[in-house]
Number of protein chains: 2
Amino acid sequence: MRPAGRPVADGASTSERILDAALTSFATRGYEASSLDALAQGLEVRKQTILYWFPSKEVLLEAVIDHSAVELSAALEASLATAGSGWARVEAVVRSVFRLAARRPELLGLVREMGRLGTPAATRFVTAVEPLVTRASEFLEAEMDAGHMRRHEPRLLLLAIYSTVIGMLTEVEVLRAFGEEPTARSLVRRRNEILELLRSALVTDAG
Amino acid sequence: MRPAGRPVADGASTSERILDAALTSFATRGYEASSLDALAQGLEVRKQTILYWFPSKEVLLEAVIDHSAVELSAALEASLATAGSGWARVEAVVRSVFRLAARRPELLGLVREMGRLGTPAATRFVTAVEPLVTRASEFLEAEMDAGHMRRHEPRLLLLAIYSTVIGMLTEVEVLRAFGEEPTARSLVRRRNEILELLRSALVTDAG
DNA sequence: TCGGTCACTTACCATATGGTAGACAGATCC
DNA sequence: GGATCTGTCTACCATATGGTAAGTGACCGA
């Protein structure tokens with residue numbers, strides 16, 4: 001029995017730990033399938049502690065969405081801000097998405113979960129990510145104008161890149177279902193194939 | 001109040017209607033988030049009728065998986081059996097996947113749901129689809145041997161194709177979240193872009 | 001030292017869930 | 001016409017769920 005009262009401040013705060021565990025659970029098991037009880041048990045805390053920080057499960061979801069959108073945006077904004085232009089810069093961003101997928105798969109998992117969650121949640125997420133999408137679109141458009149890339153609708157292009165990466169996540173799941181745990185080597189090779197696929201589809205001879 | 005006793009035999013049988021509704025619900029809302037009550041209500045039937053045909057929710061899931069695997073395999077085996085070789089035949093199969101995604105999105109949605117469902121369910125599905133995967137792998141390998149396609153590990157190649165299509169499904173969801181209902185025109189154009197992407201990545205000059 | 005706040009607890013509650021037991025009505029077979 | 005089988009129903013149950021109310025102890029400022 002853990003005593004009541006103010007806890008020892010070891011590492012992450014309770015609300016942060018809740019957010020993190022909720023993100024993982026929502027992204028892997030799904031929002032509706034995640035129970036507050038199970039969440040609390042994993043955190044070695046009572047369910048009411050969760051409801052103290054986030055007055056309802058829906059509010060918790062919104063907080064998870066906002067938090068994730070910020071983290072996602074920060075990670076990608078950083079790579080978007082790197083120097084360079086043309087394909088090199090696109091490749092840098094895509095590689096950072098790969099890194100993000102390896103380091104925080106829950107983040108991309110949550111994005112995938114968006115389709116399942118209703119319009120309100122999806123809208124909230126999209127709104128939070130909108131600035132990032134706009135920046136990326138503008139960059140792509142500039143590159144097309146400069147003749148470095150084939151002309152595409154930039155939003156669709158982003159979606160193509162995004163869905164390719166999401167697809168790679170799914171691939172890993174399917175491989176596991178086939179009982180073949182992908183090796184680090186094979187994953188790296190696969191990434192390079194995907195990059196080559198994107199490059200050949202996007203870049204002009206001048207790029 | 002619908003009377004008890006034997007129902008009128010109008011169209012699909014009850015068990016088929018249950019299977020179909022369950023597939024849709026499992027694929028869109030997820031297995032755990034789908035309640036038997038809600039399912040029954042949609043079918044204008046009591047929950048116990050579902051439990052009469054499928055003695056537990058888990059058995060229902062297994063039936064849905066088996067049923068879907070058969071339908072999926074049938075649709076793709078048919079297109080695999082078409083004449084032709086090289087890229088033309090690959091394109092025929094991919095196009096049939098696109099058609100399937102348009103006609104029965106639940107089927108591909110269930111495949112995507114597999115990652116969430118535990119190992120038993122995923123194993124069951126993979127086992128049921130295994131012959132199809134083997135056939136497709138053999139075809140791809142033969143094409144590579146004949147020099148029509150660049151050399152890849154055929155399973156990874158299938159996964160690439162699969163994840164590209166799954167990705168396109170996700171794209172539509174994201175577009176909708178952005179409030180942009182994709183038009184039939186834009187979807188067709190997108191499909192052609194994806195086919196071109198695959199072609200350029202797979203086919204050799206001799207293909 | 002003492003009241004207040006903060007972080008977390010126990011004690012409940014209404015509802016929804018998957019599942020069981022058994023009644024009941026129509027069809028079928030003898 | 002009665003027994004039986006089939007498909008659906010009503011009645012019920014144990015458990016799990018999201019959420020409310022109220023308590024408890026540690027810490028803090030006056």
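Letters A, B, ... mirror the listed sequences (proteins, then strands); counts begin at 1.
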Participant: Nearest heavy-atom pair of B:V129 and B:S73: which atoms, and what distance?
Facilitator: CA-OG, 4.3 Å

Participant: Is a salt bridge present between B:R17 and B:E44, judged by a nitrogen-to-oxygen distance below 4.0 Å?
Facilitator: no

Participant: Please report the distance, rounded to the nearest Å, between CD in B:E44 and C1' in D:dT8.
Facilitator: 14 Å

Participant: I need a per-nucleotide contact map over nucleotides 13-20 of chain C, read 5' to 3'. Cutoff is protein heavy atoms under 4.0 Å; write B for the base, S for backbone only, - otherwise.
Facilitator: ----SBBB

Participant: Salt-bridged, B:E77 to B:R135, with N to O below 4.0 Å?
Facilitator: yes

Participant: In whole angstrom, give the distance that lies between atom OH of B:Y52 and atom P of D:dG7.
Facilitator: 4 Å

Participant: To the nearest Å, give me how far apart CD1 (A:I50) and P (D:dT20) are.
Facilitator: 15 Å

Participant: Give a yes/no answer on whether the side chain of A:T14 brings an N or O atom under 4.0 Å of OP1 or OP2 in C:dC8.
Facilitator: yes

Participant: May I ask you to check whether over 12 heavy atoms, not counting those of A:E71, lie within 6.0 Å of atom CD?
Facilitator: yes

Participant: Salt bridge check: are A:D20 and A:R104 linked by an N-O gap of less than 4.0 Å?
Facilitator: yes

Participant: Measure the distance from CZ on B:R46 to P on D:dT10 and round it to the nearest whole Å.
Facilitator: 5 Å

Participant: I need the CH2-P distance between B:W53 and D:dC9, as an integer number of Å.
Facilitator: 12 Å

Participant: Atom CZ of B:F54 to atom P of D:dG7: distance rounded to whole Å?
Facilitator: 12 Å

Participant: Run the ring pair (Phe, Tyr, Trp, His ring centres under 6.0 Å) test against A:Y31 and tell me which residues pass, sequence neighbours left out.
Facilitator: A:F26

